[in-house]
Amino acid sequence: MSGYYRWLGLPVEASGYAHSIDDGLLLIHAAMLAIFVLWGIFFAYLLIRYRRKDGVPAKRDSGHGGWGSLVPDFIVMAFEIGLIVLYAIPVWSRIKVDEPMGKVNTIDIVAQQFAWNVHYPGPDGKFGKTDPKLVSFTNPVGLDLKDPAAKDDIVLANEIHLPVGVPTLFNLSSLDVIHDFSIAPFRLKQDIVPGMMIPVWVTPTRIGTYELFCAQLCGFGHSLMHGRVIVESEKDYQAWLKSMAPAQAASQPANSANSF
Amino acid sequence: METNHHNQSWMKKYVFSTDHKTIGLQYMFTALSMLLIGFIFVMIMRWQIAFPYAPIPVLGRWLPARLAPNGVMTGAFYNSLGAMHGTIMVFFGIVPLAVGAFGNYIVPLQIGAPDMAFPRLNMLSYWLYLTASILLLSSFFLPGGAAQSGWTSYPPLADFNPGQTAWIVAMLFVITSSLLGAINFLTTIINMRAPGMTLWRMPVFVWSEFVASVLLLLAFPPMEAGGVLQLMDRVLHTSFFLPKEVMIFGVLYKGSGGGQPLLWQHLFWFLAHPEVYILVLPPIGIVAEIIANNTRRPLHGYKIIVSSMLFIGALSFVVWAHHMFLSGMSPILANFFLVTTMIISVPSVALLTCLIYSLHGGSIRFNTPMLYALAFLPMFGIGGLTGLPLGLTPTDIYLHDTYYVIGHFHYIVVTGSIMAMFGGLYYWFPKFFGRKMNDTLGQIHFWGSLICMNGIFFPMFITGMAGESRRLWVPTAQLHDLPVQHWNVVSSVSAWALFLFQLPFIYNFFHSLFHGEKTVENPWHATTLEWTCPSPPPHGNFTKPVRVYRGPYEYSLPGAHRDWIAQDIESEAAA
């Protein structure tokens, strides 16, 4: 994994919006460093300049009017307003509020202690009905096999295949407790709450294999709950889909014991 | 004050006492013990984080097989230690030390009161807290072990994990204790001030306890209600936090459903964010007292400091959901909390700026308490600055739930609050016991702690930036964390070294208690009222009626023949 980290120690950028998050991190850390260094110099100066000396009494008045010390506040406030208006709200809205336009690849993610079930609609593009009452060891997402749309669905455990350059919409749900769908190179993170279906999208931009992991404490096996995200070219992706489709009328069991 | 209090029995004087000073010390000993226990828990955890699956040395042989078979801790035991560490440090360590111990002992003295407004209620607060502490620690011996759902206890996990019932009951006790304490503090500060002690003459420390008490009083009830609801989910099988059709260990739960897991998070964080300011404001008050005393000049911007505290207190009730940007709540709602979070940083900057400006023109004495107060400033600065990328929504997407968050809030509460309270201990020790702590040992403790604390928490920014999640029993299981695993080792080694540097403190504390150098009533030449009564103060505190004539920090007044004038001195010439 050499070359995986840039100077700020961040993983490689592998999604459409990763750079806008990284730009923010870079800018804020540069500002933080500048504030801390300037401030540290002033602090050190005060400590040396005003150390106790015999015969030199303290001055009650620091020579700055009380309100003069609020100047750093106004600078910080202006910087923060700028960050909110020009950076935070627009970028957040683009990532979390807006939905992608045009051709979208939709995948259902069903999390459970301690595995990821990945549900593709298959060639017909329609998800089969699911029902939690049907969930079993061999049918981890509770697919209703009587539904015709379910016949060609693909269900995988701990492995996601994605075509590069195509926006992908994940519908996140959980069978048991709160999990968190997290892929660091995509700068993607979203809690999954049982009882809710939470959409989250990403456009993979870089071919490769990345790690999917749970970022919200979900029990004793939390740290073992991870999987693979394989981003491949459109051609390879279609080939993979074909290879899966015929055999996948029934589903593949998700195994709590991780096989990553 | 009735005089017969002076010859009470030993039990009445030291155990079932209603004297705020005894209760303050009881709080102090209990809270310091709890801090040590919480620290020991995390030292055990850090072994697993640094060397996953390696048997724990020494201790591993003594742990029962259900917690650590062959000395290797299980995931459940790791989670128990994690949940207990967080709960103990926040609710049973820092808050009782900051409010219960320092607040109880110092506030009545600083406002010139003979005791708290409700001495019996005060005693009840302490005993509820002690009960809660014992209950919480004994939960390790319950079947299934102690709570293991994190100190945040998010349902549905917390609704089904073992140990959680004991956790909730202990929390209900400690919350009740805090609520009674808060009412007591507010009444005392509002009603019991000595003649002449106007609000704008109160020391900053009293103001900080005042604001912290308001926060305790208003923020804890929703959490207490939440705790009761969670208890009902567990014991009576209600579904306040459970949606329809939730699975428990692969089996469909038969409860009615229809609840909402996010409701708990709102109730919890509505408390737990103001809680952060309860952890931070009294230590800032302590730092302000020490800085004013050791620069020999009045605090810069006393009114700005107090206004900032009040502003922070009010605003801290509308920032809670910045812990929940990625929780599944509406992303549009996040914008509101983003804005309030940025606003609350403004008074925080004002507080720090005023404290630094207070050094300007001073005559700085570098004694042990002052070293702690000074170290607080840059360390708290790092903690505050690293809050910025977490408070901004887009960057939080990446950093949320990583070690970066852990580094951030430990800089606030450990290198910030705990350092400040160590300073407070060295500063008020002569008042507590009439003896001074040893300076050389104090300096060894200071430098060792400062370096080790940074050694623990700075690497967390690096691992967090690399994307490493918090609460990982086996960090090396996730391949993307492997390149930064050596930083976890650095953190762990620093944590164990930090423990070694606490030994001089523990020795110093107990040795000085009995053999320390005897001091006079005002060894630091300070101006606030607690220094005008004997050390330690007798029952009833003040030997003569108190009247206040001036502000809290009358240092280096031109024309006066010494550089300090206590608050109860009428004319400058008399000084």
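Letters go in sequence order (proteins before strands), and every chain restarts at 1.
- Contacts between B:Ile397 and chain A at a heavy-atom distance below 4.5 Å involve backbone atoms as well as side-chain atoms.
- Neither the backbone nor the side chain of B:Pro475 has a heavy atom closer than 4.5 Å to any heavy atom of chain A.
- If you measure heavy-atom distances from B:Ser149 to chain A, the contacts under 4.5 Å come from the backbone alone.
- Side chain of A:Arg60 to main chain of B:Arg297: no donor-acceptor pair is present (N/O by atom type, distance under 3.5 Å, no hydrogens or angles).
- The distance from atom CZ of A:Phe220 to atom CG of B:Asn161, rounded to the nearest 0.5 Å, is 9.0 Å.
- Between the side chain of A:Gln190 and the backbone N or O of B:Leu326, at least one donor-acceptor pair lies under 3.5 Å.
- Annotation: the span from B:Glu245 atom CD to A:Asp131 atom CG amounts to 6.0 Å, rounded to 0.5 Å.
- Among B:Thr152, B:Asn335, B:Leu352, the residue with the largest count of heavy-atom pairs under 4.5 Å with chain A is B:Asn335.
- Rounding to the nearest 0.5 angstrom, the gap separating the CD1 atom in A:Ile21 from the CG atom in B:Leu392 is 11.5 Å.
- Interface remark: B:Thr353 contributes side-chain atoms only to the contact with chain A (heavy atom separation under 4.5 Å).
- With sequence neighbours left out, the salt bridge (charged side-chain N to carboxylate O under 4.0 Å, His left out) criterion links B:Arg470 to B:Asp401.
- For A:Tyr45, no part lies under 4.5 angstrom from a heavy atom of chain B.
- Taken to the nearest 0.5 Å, the NE2 atom of B:His480 stands 10.0 Å off from the NE2 atom of A:His226.
- With a threshold of 4.5 angstrom between heavy atoms, B:Phe366 approaches chain A through side-chain atoms but not through N, CA, C or O.
- When heavy atoms are compared at a cutoff of 4.5 Å, B:Asp563 does not approach chain A at all.
- B:Glu468 does not touch chain A: none of its heavy atoms, backbone or side chain, sits under 4.5 Å away.
- Using a 4.5 Å cut-off between heavy atoms, B:Leu242 makes no contact with chain A at all.
- Using cut-offs of 30° and 60° on the angle between ring planes, the pair B:His360 and A:Tyr50 is tilted.
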* To do: Output, in order, the C-alpha distance, side-chain angles, deciding distance and verdict of side-chain contact (heavy atoms from CB on, under 4.5 Å) for A:Val177 and B:Tyr154.
  => CA-CA 9 Å; A:Val177 300; B:Tyr154 284 1; over 6 Å; no

